[in-house]
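See below for the structure under consideration.
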Amino acid sequence: ACVRACTGTCPRVCENPYKASAARQACTMANTIKYLEFPFFGGGWLPSYSQEEAQHIDEELFSEYSFSVDQLMELAGQSCAIAVAKGYPLQSLLKSTPRVLVVCGPGNNGGDGLVCARHLKLFGYDPTVLYPKRPNKQLFHNLTTQCEKMEIAFLSKMPETAVPTCWKTSTITPVSKQSSAACLNDFRPVALTAMVMKCFEKLVLSHLKATLPPSPRMPFLLFHSALTHLDNRNTYVHMLCVPLHGSNIIIKFAHDTTVIRHISDDDETAYREELQHLATWCSSNNLSLSTEKTKELIVDYRKSKGCTHSPVHINGTEVERVSSFKFLGVHISEDLPWTLNTSGQEGIPASLFPEETKEGPSAEEIDEVYNLVVDAIFGFSFKGAVREPFGDILSVLKKVTVPIASVDIPSGWDVEKGSSDGIQPDMLISLTAPKQAAAHFVGRYHYLGGRFVPPALEKKYKLGLPQYPGTDCVCQLN
Ligand SMILES: NC(=O)C1=CN([C@@H]2O[C@H](COP(=O)(O)OP(=O)(O)OC[C@H]3O[C@@H](n4cnc5c(N)ncnc54)[C@H](OP(=O)(O)O)[C@@H]3O)[C@@H](O)[C@H]2O)[C@H](O)CC1
Ligand SMILES: [K+]
């Protein structure tokens, strides 16, 4: 391996007088500073930083130097895209389309990932962003919009990758029911669906019929009850998912619309925005939303529910909360009793939703579809055991065989100690300065990015940064 680490006084530091004096001064500042060897560009030793030091430097950039997060994130994310383009040039990719999966976490590391995706798109790659937990902050809304405007696809979980949006979109044309139509009710809405979708629906139906297990699980049941409709001549099914927030699911079936949202941390903003968006969309398209007929059901299994759920309003009218309703022919109750729809089955099997609730594609799907994965899940603020949904995602990333390029820190690694059984990226792009975990990186490419450190700050923290070549904003360290 080209990168090694040593702690405290390192004999090889003496080979470089500048580094030796920097090392001595740095050691008086923090006993924990460790040095990484970087053989590129003449070689030398580079300090690496603990979690706390990285956070101090970061804070000082914002407070003392008045940088905004957007500014630094743009430079950080752009340098990640440049490093990826250097390590994996378009012409070297093995798949016919230059697809890259960018997995973004809930913090600023995820923001770097969004910026990286946008620049990769400008460089000619075809990025798809997996963004399962989106923070409700303007910065991240903006970054997401920028990506969406550049036609970068977003995944929140696997089903949305299976059917392209254009197939799922129907044009609803009002056809007059009588010769002198006077009001909206005199029109019948006729939905025109893409022909390819109609064929697809038939294929899905026959596939589902062939593969349905003897005791169907809930999601299969929902789809099955919708798709049996296709058995009748001259009929078809619409399941239209056009979420405003990628993590909302909207199911349209005939003239019924259902909005589904998984709520975490009591944050209902995206759900409420979706309803507002739906009401506005209906009104601007001359469709009337019948609030009286709209019902809301909340499934809440938390032990201590703490707060009561405040009602939602559509066009100023409160939506009635019910404890059960019939959805696509299936009775759903807030306590999800299995027996409502089946006989002879006691309770809900523990493995009811094993595959269906998993976030993101499987390792096989990633290997098949993407050339590489950009890991922007966690950076220097990661602490403790990985919480879901990221535990499942990291387990998948451990199994992929396509290269992984990690932004700042391989996600899931302890920022200082690394992780022997974590993901093993092929590329690491350290931002500002390498963190101590970089000593355990054994992949092919280690880049330094984020060329925004003012010289005074570099001096204060004894960063001893290497000379970036010319005007480049990344520097290869191994
Ligand atoms: N100066 C620079 O070099 C710059 C670097 N940037 C990038 O920013 C990250 C650091 O960003 P930060 O937002 O501080 O933190 P992270 O992105 O690392 O992660 C915070 C989120 O992660 C969640 N978290 C933490 N631990 C866990 C865990 N064990 N399981 C699940 N989730 C976890 C945390 O959730 P909370 O619930 O604790 O809030 C946060 O949501 C740096 O590495 C660079 O990539 C900037 O772009 C610009 C300047
Ligand atoms: K990362």
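What you are looking at is a predicted structure, and each value in this text was computed from that prediction instead of being measured. When a residue number appears, it is its place in the shown sequence, counting from 1. Atoms within a ligand are numbered from 1 in the order they appear, just like the ligands themselves.
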Item to check | Min heavy-atom dist Gly384 to ligand 1 below 4.0 Å | outcome: yes
Item to check | Min heavy-atom dist Ala385 to ligand 1 below 4.0 Å | outcome: yes
Next on the checklist: Quick check on Lys295: does its NZ atom have over 12 non-hydrogen neighbours (other residues, nucleotides or ligands) under 6.0 Å away?
Outcome noted: yes
Next on the checklist: I'd like to know whether CD of Glu368 has more than 12 heavy-atom contacts from other residues, nucleotides or ligands below 6.0 angstrom.
Outcome noted: no
Next on the checklist: Ring-plane angle category for Phe67 and Tyr65, please: parallel below 30°, perpendicular beyond 60°, tilted otherwise.
Outcome noted: parallel
Checklist entry - Parallel, tilted or perpendicular for Phe154 and Tyr131, by the 30°/60° rule? => result tilted
Checklist entry - Within the stated cut-off of 3.4 Å, is an N/O/S atom of Ser406 closer than that to the K ion (ligand 2)? => result no
Checklist entry - Sub-3.5 Å donor-acceptor pair from the side chain of Asp375 to the main-chain atoms of Ile377, do we have one? => result yes
Contact (N/O only, under 3.5 Å) between [X] and ligand 1:
X: Phe62; value: no
X: Asp58; value: yes
X: Phe380; value: yes

Checklist entry - Could you go step by step and tell me if Asn371 and Tyr125 meet the side chain to side chain donor-acceptor pair (under 3.5 Å) rule? => result CA-CA 10 Å; Asn371 294 279; Tyr125 294 80; over 6 Å; no
Within a distance under 4.0 Å of any heavy atom of [X], pick out the atoms of ligand 1 and give their elements.
X: Leu72; value: 48 (C), 49 (C)
X: Leu431; value: 44 (C), 45 (O)
X: Gly379; value: 16 (P), 17 (O), 18 (O), 43 (O)
X: Asp408; value: 42 (C), 43 (O), 44 (C), 45 (O)
X: Thr432; value: 1 (N), 2 (C), 3 (O)
X: Lys383; value: 26 (N), 27 (C), 28 (C), 29 (N)

Item to check | Between Asp126 and Thr128, a side-chain donor and acceptor under 3.5 Å | outcome: no
Next on the checklist: Apply side chain to side chain donor-acceptor pair (under 3.5 Å) to residues Thr269 and Asn136 and explain how you reach the verdict.
Outcome noted: CA-CA 8 Å; Thr269 321; Asn136 187 20; 3.0 Å; yes
What is the [atom1]([X])-the K ion (ligand 2)-[atom2]([Y]) angle, to the nearest 10 degrees?
atom1: O; X: Phe378; atom2: O; Y: Ile409; answer: 80°
atom1: OD1; X: Asn109; atom2: OG; Y: Ser411; answer: 100°
atom1: O; X: Asp375; atom2: O; Y: Val407; answer: 90°

Item to check | From Asp392 atom CG to Phe390 atom CZ, the distance as rounded to the nearest 0.5 Å | outcome: 11.0 Å
Considering only non-hydrogen protein atoms, determine which one is nearest to [atom] and report residue, atom name and distance to 0.1 Å.
atom: atom 32 (N) of ligand 1; result: Phe378 CE2, 3.3 Å
atom: atom 45 (O) of ligand 1; result: Asp112 OD2, 2.6 Å
atom: atom 41 (O) of ligand 1; result: Pro106 CG, 3.4 Å

Checklist entry - Below 4.0 angstrom, N of the basic side chain to O of the carboxylate: do Glu74 and Arg118 qualify? => result yes
Checklist entry - From atom 39 (O) of ligand 1, is the closest protein heavy-atom distance below 4.0 Å? => result no
Checklist entry - Is any side-chain heavy atom of Asn109 less than 4.5 Å from a side-chain heavy atom of Phe380? => result no
Checklist entry - Is any side-chain heavy atom of Tyr468 closer than 4.5 Å to a side-chain heavy atom of Leu448? => result yes
Checklist outcome for this item: Sorted by chain and number, sequence neighbours left out, side chain to side chain contact (heavy atoms under 4.5 Å, CB included) with Val69 holds for Phe62, Met73, Asn108, Leu139
Heavy-atom distances under 4.0 Å decide this one: backbone, side chain, both or neither, for [X] against ligand 1?
X: Leu61; answer: side chain
X: Asn108; answer: both
X: Asn109; answer: both

Item to check | Closest candidate by heavy atom, reference atom 12 (P) of ligand 1, pool Pro135, Gly450, Gly107, Ser381 | outcome: Ser381
Checklist outcome for this item: Nearest non-hydrogen contact to atom 34 (C) of ligand 1 from the set Arg387, Lys133, Glu60 belongs to Arg387
